[in-house]
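The structure under discussion appears below in the form of structure tokens.
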Amino acid sequence: MTSWSREDIVIAYALYCVTPLKQIRPTNKVIQQVSDIIPHSVASIVMRMQNFRYLDPRVGSGLRNVAKADKLIYEEFKHDWGSLSIEAETLTGLDLFDATPLHGARPLSDLTDHRRVTRERLFFKKAVFSAYDDRCYISGCAVPTMLVASHIKPYSKCRSEADRVSPDNGICLNTFYDKAFDSGLITITPSMKVFVSPQILNAPQDAFTARWLASLEGRVLHLPPRFPPRRELLEYHNDVIFRREAESL
């Protein structure tokens with residue numbers, strides 16, 4: 001049996017982050033492609049990904065035989081999401097963050113946008129989408145072109161790379177709720193309860209606004225199994241972004 005190098009584990013965890021839990025299986029085309037690049041079978045890669053599943057505090061249903069090296073990489077990613085995710089792509093030579101389990105990943109090429117910010121944002125989007133099973137957290141919408149990986153603390157306000165790229169600073173929302181969230185018309189508290197701005201609740205409402213915005217007041221959401229929204233970032237959104245005053249829009 002070939003031993004797992006640090007580089008192999010980095011690839012496996014990056015792949016775990018961007019793969020929906022139900023797609024961590026041997027039929028996943030991307031996993032098959034990675035198996036052709038690193039010296040491990042498809043079954044071995046799937047098993048390693050299941051190790052990381054066990055390390056996730058809200059999943060906890062993966063394989064228990066987690067190696068010390070897995071734990072180290074798991075912790076290392078928390079402090080350097082950008083560099084390590086890009087390293088995984090570079091090591092495989094595959095566009096991992098714009099791939100699908102059905103069709104696989106294209107090779108990185110001269111036509112690929114290799115800018116660091118672009119790769120980081122693609123990783124962030126893919127990891128957030130996978131955490132929410134490619135569905136809007138609030139509405140359940142699963143139309144890909146209508147979904148956005150919405151930052152809880154705005155990208156421009158993040159002081160560290162960890163906050164800019166970390167999947168727990170993201171929520172999968174449809175484009176309508178993404179705009180409402182970014183504008184502070186709705187917020188989500190650390191207890192996973194949705195609140196609607198008084199600017200909506202205290203103003204005359206048309207039927208659409210009443211149904212799709214005002215009706216969200218007090219709704220309780222269930223935490224996703226992976227990368228649940230970080231408490232401190234939700235608090236920032238509540239305190240800084242949310243429009244608490246009933247002033248005109």
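Small disclaimer: the values here were computed from a predicted structure and weren't measured. Any value given below was found using the heavy atoms of this structure, including those in side chains, with hydrogens, waters and symmetry copies removed.
Cluster annotation: Tyr236 and Val194 are assigned to distinct hydrophobic clusters (Ile/Leu/Val/Met/Phe/Trp/Tyr, side-chain heavy-atom contacts under 4.5 Å, transitive). Transitive grouping of hydrophobic side chains (ILVMFWY, heavy atoms separated by less than 4.5 Å) keeps Ile241 and Leu216 in distinct clusters. Cluster annotation: Leu233 is not connected to Val240 through the hydrophobic network of ILVMFWY side chains, with a link wherever side-chain heavy atoms come within less than 4.5 Å. When the side chains of ILVMFWY residues are joined at heavy-atom separations under 4.5 Å, either directly or via intervening members, Leu72 and Leu15 end up in two distinct hydrophobic clusters. Cluster membership check: Leu223 shares its hydrophobic cluster with Ile186, using side-chain heavy-atom separations under 4.5 Å among Ile, Leu, Val, Met, Phe, Trp and Tyr.
When all heavy atoms of Pro228 and Asp168 are compared, the pair lying nearest together is O-CB, 3.3 Å. In terms of heavy atoms, Phe195 sits closest to Glu217 at CD2-OE2, 3.3 Å. Closest non-hydrogen pair, Pro190 versus Leu234, comes out as CA-CD1, 3.8 Å. Minimum interatomic distance between Phe242 and Gly184 (heavy atoms only, all atoms of both residues): CD1-O, 3.2 Å. Residues Arg243 and Ser197 come closest through the heavy atom pair O-OG, 2.6 Å. The two residues Val143 and Leu147 make their nearest non-hydrogen contact at O-CG, 3.4 Å.
Counting only distance, with no hydrogens or angles, the side chain of His151 and the backbone of Asn169 share no donor-acceptor pair below 3.5 Å. Between the side chain of Tyr13 and the backbone N or O of Ser85 there is no donor-acceptor pair closer than 3.5 Å. Checking side-chain atoms of Arg219 against main-chain N and O of Ile138 turns up a donor-acceptor pair under 3.5 Å. Of the possible polar contacts, none joining the Arg48 side chain to the Ile9 backbone as a donor-acceptor pair under 3.5 Å is found. The main-chain N or O of Arg135 is never found under 3.5 Å from a side-chain atom of Asp133 such that the two would form a donor-acceptor pair. A donor-acceptor pair is defined here as one N or O able to donate and one able to accept, closer than 3.5 Å; no such pair exists between the side chain of Thr209 and the backbone of Leu213. Between the side chain of Thr92 and the main chain of Glu89, a donor-acceptor pair closer than 3.5 Å is present. At distances below 3.5 Å, at least one donor-acceptor pair connects side-chain atoms of Gln33 with backbone N or O atoms of Ala105. In this structure, the side chain of His237 engages the main chain of Phe181 through a donor-acceptor pair within 3.5 Å. Although no hydrogens or angles enter the test, the distance criterion places a donor-acceptor pair under 3.5 Å between the side chain of Ser35 and the main chain of His40.
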Check: Do Ile152 and Arg230 pass the side chain to side chain contact (heavy atoms under 4.5 Å, CB included) test, and can you show the C-alpha distance, the side-chain angles, and the key distance before you say yes or no?
Finding: CA-CA 9 Å; Ile152 302 170; Arg230 201 187 320 161; over 6 Å; no
Notebook entry, point to check: Is there a side chain to side chain donor-acceptor pair (under 3.5 Å) between Arg116 and Ser83 once you walk through the steps?
Noted result: CA-CA 9 Å; Arg116 180 185 179 88; Ser83 296; 2.8 Å; yes
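Counting only residues at least two apart or on different chains, the salt bridge (Lys or Arg N to Asp or Glu O under 4.0 Å) pairs with a member in residues 95-107 are Asp95-Arg106, Asp95-Arg119, Asp98-Arg106.
Annotation: cation-pi geometry not satisfied between Arg226 and Phe52 (NZ/CZ under 6.0 angstrom from ring centroid, within 45° of ring axis).
Contact of the Leu96 side chain with the Val34 side chain is registered, since non-hydrogen atoms from C-beta on lie closer than 4.5 Å. Between Trp81 and Cys17, some side-chain heavy-atom pair lies under the 4.5 Å cut-off. Under the 4.5 Å side-chain criterion, counting only non-hydrogen atoms from C-beta, Thr2 is not in contact with Asp8. Residues Arg244 and Asp239 meet the side-chain proximity criterion, which asks for heavy atoms closer than 4.5 Å. Counting heavy atoms from C-beta outward, Val165 and Phe77 have side chains that stay 4.5 Å or more apart. Residues Leu21 and Pro225 are in side-chain contact: their nearest non-hydrogen atoms beyond the backbone lie under 4.5 Å apart. Contact of the Val148 side chain with the Tyr177 side chain is not registered, since no non-hydrogen atoms from C-beta on lie closer than 4.5 Å. A heavy-atom distance below 4.5 Å is not found between the side chains of Val30 and Thr19.
Salt bridge annotation for Glu235-Arg231: present, with a cationic side-chain nitrogen under 4.0 angstrom from a carboxylate oxygen.
In this structure, the separation between CD on Gln23 and CG on Leu102 is 8.5 Å, given to the nearest 0.5 Å. Interatomic distance, OH of Tyr74 versus CG of Asn51, reported as 13.0 Å (0.5 Å rounding). Remark: Lys153 NZ to Glu232 CD distance equals 8.0 Å, nearest 0.5 Å. Between the CD atom of Glu245 and the CD atom of Gln199 there is a distance of 8.5 Å, given to the nearest 0.5 Å. With values rounded to the nearest 0.5 angstrom, Lys68 atom NZ is found 12.5 Å from Ile73 atom CD1. A distance of 10.0 Å separates OG of Ser215 from CG of Leu201, quoted to the nearest 0.5 Å.
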What side-chain donor-acceptor pairs closer than 3.5 Å can you find for residues 124-132, not counting sequence neighbours?
unit_1: Lys126; atom_1: NZ; unit_2: Ala99; atom_2: O; d: 2.4
unit_1: Ser130; atom_1: OG; unit_2: Val18; atom_2: O; d: 2.7
unit_1: Ser130; atom_1: OG; unit_2: Lys126; atom_2: O; d: 3.0

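Screening Thr118, Leu122, Ile86 against Phe97 for a side-chain contact (heavy atoms from CB on, under 4.5 Å) leaves a single residue, Leu122.
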